[in-house]
Amino acid sequence: MAVTGFILFGYVLAHMLGNLQIFLPPGPDGIPRLDHYAQQLRAVPPLLWGARVALLASVVLHIVAAVQLTWLNKFKARASRYVKYTASASNYASRTMIWSGPIIFFYVFYHLLDLTFGTVNPHFEEGKVFHNVVTSFQNPIVALFYIVANVLLAIHLYHGVWSMFQTLGVSHPRYNLLLKKASVLFATGIGVGFCVVPLAVLMGIVK
Ligand code: HEM
């Protein structure tokens, strides 16, 4: 879970930073920077497809590990259920991982239909990434859906990043508070970084 989570985290961070180019003024040719960026990503097809295959493999392995871990926690860790359950080491984020995970999966599935294939976006135009993002988020229902899903992603990442440190052995009583704060910072940064795009379109700042 930790290693595939780390790969997915790296992708999400890079994707969020890439998206922020929507706020840059267009290039001297008048073409939005986001469109240039998307063209550059496609410039070396073996690299693009290599990254896509690695990403897909990470998603599949992450899900398989999640199912195994949930199974172990629920049915193998204790022979019988607690009479009275009081959470001692878990929190809201950690207990909802198994729900936030599938919701994020369906969100990404919708997102691909929206901005990569254009199936659910009536204004979609191949290669016009800036236009596709703006027209999609000009629908307030779509924009709100993205915002809610990205908040959920941030909650998922908060526990994921913290858990990853523990699993990979980056853990020491002296640094654990710092690691927890770093997890909050990473997760909030990514959540805010993604949410500002639909918010900016909704508010008419990006049009
Ligand atoms: C407001 C938030 C987001 C915006 C504006 C956004 C924007 C985009 C755009 C424009 C594309 C198509 C790029 C192209 O065709 O060149 C894309 C692709 C993609 N996005 Fe996002 N994205 C957002 C959030 C996310 C999140 C949270 C995830 C994952 C958890 C994600 C995963 C992906 C994936 C897997 C692709 C397909 C990449 C490929 O072509 O292989 N996106 N996104």
Side-chain angles (χ1 to χ4, degrees), residues 4-24 31-63 66 97 99-121 123-161 164 186-203 205-207:
T4 52
F6 182 68
I7 296 170
L8 294 171
F9 175 74
Y11 172 76
V12 161
L13 178 65
H15 187 29
M16 183 275 285
L17 293 173
N19 284 350
L20 292 180
Q21 296 182 56
I22 201 162
F23 294 105
L24 297 179
I31 297 176
R33 298 270 177 193
L34 200 61
D35 293 15
H36 269 304
Y37 169 64
Q39 270 167 19
Q40 280 161 8
L41 289 180
R42 287 178 171 76
V44 191
L47 221 66
L48 174 70
W49 280 100
R52 281 176 170 167
V53 169
L55 204 60
L56 196 64
S58 301
V59 170
V60 171
L61 291 174
H62 200 69
I63 295 171
M97 291 302 270
W99 295 114
S100 53
I103 295 172
I104 293 163
F105 179 82
F106 285 109
Y107 157 55
V108 174
F109 186 73
Y110 172 84
H111 173 50
L112 292 179
L113 295 181
D114 180 24
L115 296 176
T116 298
F117 303 114
T119 329
V120 295
N121 183 348
H123 307 285
F124 184 84
E125 285 182 48
E126 189 71 51
K128 292 199 167 178
V129 179
F130 179 91
H131 162 88
N132 296 338
V133 172
V134 172
T135 51
S136 176
F137 294 159
Q138 274 171 346
N139 178 342
I141 297 171
V142 175
L144 283 175
F145 167 63
Y146 269 80
I147 292 167
V148 171
N150 285 316
V151 169
L152 213 65
L153 174 70
I155 296 172
H156 190 87
L157 281 180
Y158 157 62
H159 177 71
V161 172
M164 177 187 74
F186 278 141
T188 313
I190 288 194
V192 171
F194 273 129
C195 285
V196 288
V197 177
L199 271 174
V201 176
L202 267 186
M203 293 161 79
I205 298 168
V206 171
K207 50 192 167 191

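Start at 1 and go down the list; that is how both ligands and their atoms are numbered.
- Under 4.0 Å from ligand 1, not a single heavy atom of Leu48 appears.
- Phe137 counts as a contact of ligand 1, since one of its heavy atoms falls under 4.0 Å from the ligand.
- Residue contact check for ligand 1: Arg42 places a non-hydrogen atom closer than 4.0 Å to it.
- Between Tyr37 and Leu41, the closest side-chain pair of non-hydrogen atoms falls below 4.5 Å.
- Residues His156 and Met97 approach most closely at O-CE, 3.3 Å, considering heavy atoms.
- Phe124 places none of its side-chain heavy atoms less than 4.5 Å from the side chain of Thr119.
- Residue contacts with ligand 1: Arg52 is placed with a nitrogen or oxygen under 3.5 Å of a nitrogen or oxygen of the ligand (distance criterion only).
- Every atom of ligand 1 with a heavy atom of Val133 under 4.0 Å away is listed here by number and element: 10 (C).
- The CG atom of Asn132 sits 7.0 Å away from atom CD of Glu125, with the distance rounded to the nearest 0.5 Å.
- Around the CZ atom of Phe23, the shell of radius 6.0 Å holds more than 12 heavy atoms that belong to other residues, nucleotides or ligands.
- The aromatic rings of His15 and His111 are tilted relative to each other, their planes meeting at an angle between 30° and 60°.
- Taking 4.5 Å as the limit, every side-chain heavy atom of Ser100 sits out of range of all side-chain heavy atoms of Ile155.
- Looking only at distances, no side-chain donor or acceptor of His62 sits under 3.5 Å from a matching main-chain atom of Leu8.
- Looking at Pro198 against ligand 1, only its side chain comes within 4.0 Å, counting heavy atoms.
- Listed by atom number, the atoms of ligand 1 under 4.0 Å from Asn150 heavy atoms are 1 (C), 2 (C), 27 (C).
- Heavy atoms of Leu34 found under 4.0 angstrom from ligand 1: none, in either backbone or side chain.
- Against a heavy-atom cut-off of under 4.0 Å, Ala38 is close to the following atoms of ligand 1: 16 (O).
- Nearest protein heavy-atom neighbour of atom 1 (C) of ligand 1: Phe194 O, 3.3 Å.
- Atom numbering of ligand 1 starts at 1 in the shown order; those under 4.0 Å from a heavy atom of Leu153 are 27 (C).
- At most 12 non-hydrogen atoms from other residues, nucleotides or ligands lie less than 6.0 angstrom from CZ of Phe6.
- Of the listed residues (Tyr37, Tyr11, Tyr107, Phe130), the one carrying the non-hydrogen atom nearest atom 36 (C) of ligand 1 is Tyr11.
- Listed by chain and residue number, the protein N/O/S atoms under 2.8 Å of atom 21 (Fe) of ligand 1 are His15 NE2, His111 NE2, with waters left out.
- More than 12 non-hydrogen atoms from other residues, nucleotides or ligands lie less than 6.0 angstrom from CD1 of Ile205.
- Side-chain N or O atoms of Asn150 include none that pairs as donor or acceptor with a backbone N or O of Val192 at under 3.5 Å.
- A distance-only check finds a donor-acceptor pair linking the side chain of Asp35 to the backbone of Phe130 [under 3.5 Å].
- Phe186 has its side chain out of reach of Tyr158: every pair of non-hydrogen atoms, C-beta onward, lies at least 4.5 Å apart.
- Nearest to atom 10 (C) of ligand 1 among the protein's heavy atoms is Val129 CG1, 3.3 Å.
- Contacts between Leu41 and ligand 1, counted as non-hydrogen atom pairs separated by less than 4.0 Å, are absent for every part of the residue.
- Within a 4.0 Å radius of atom 5 (C) of ligand 1, the protein has at least one heavy atom.
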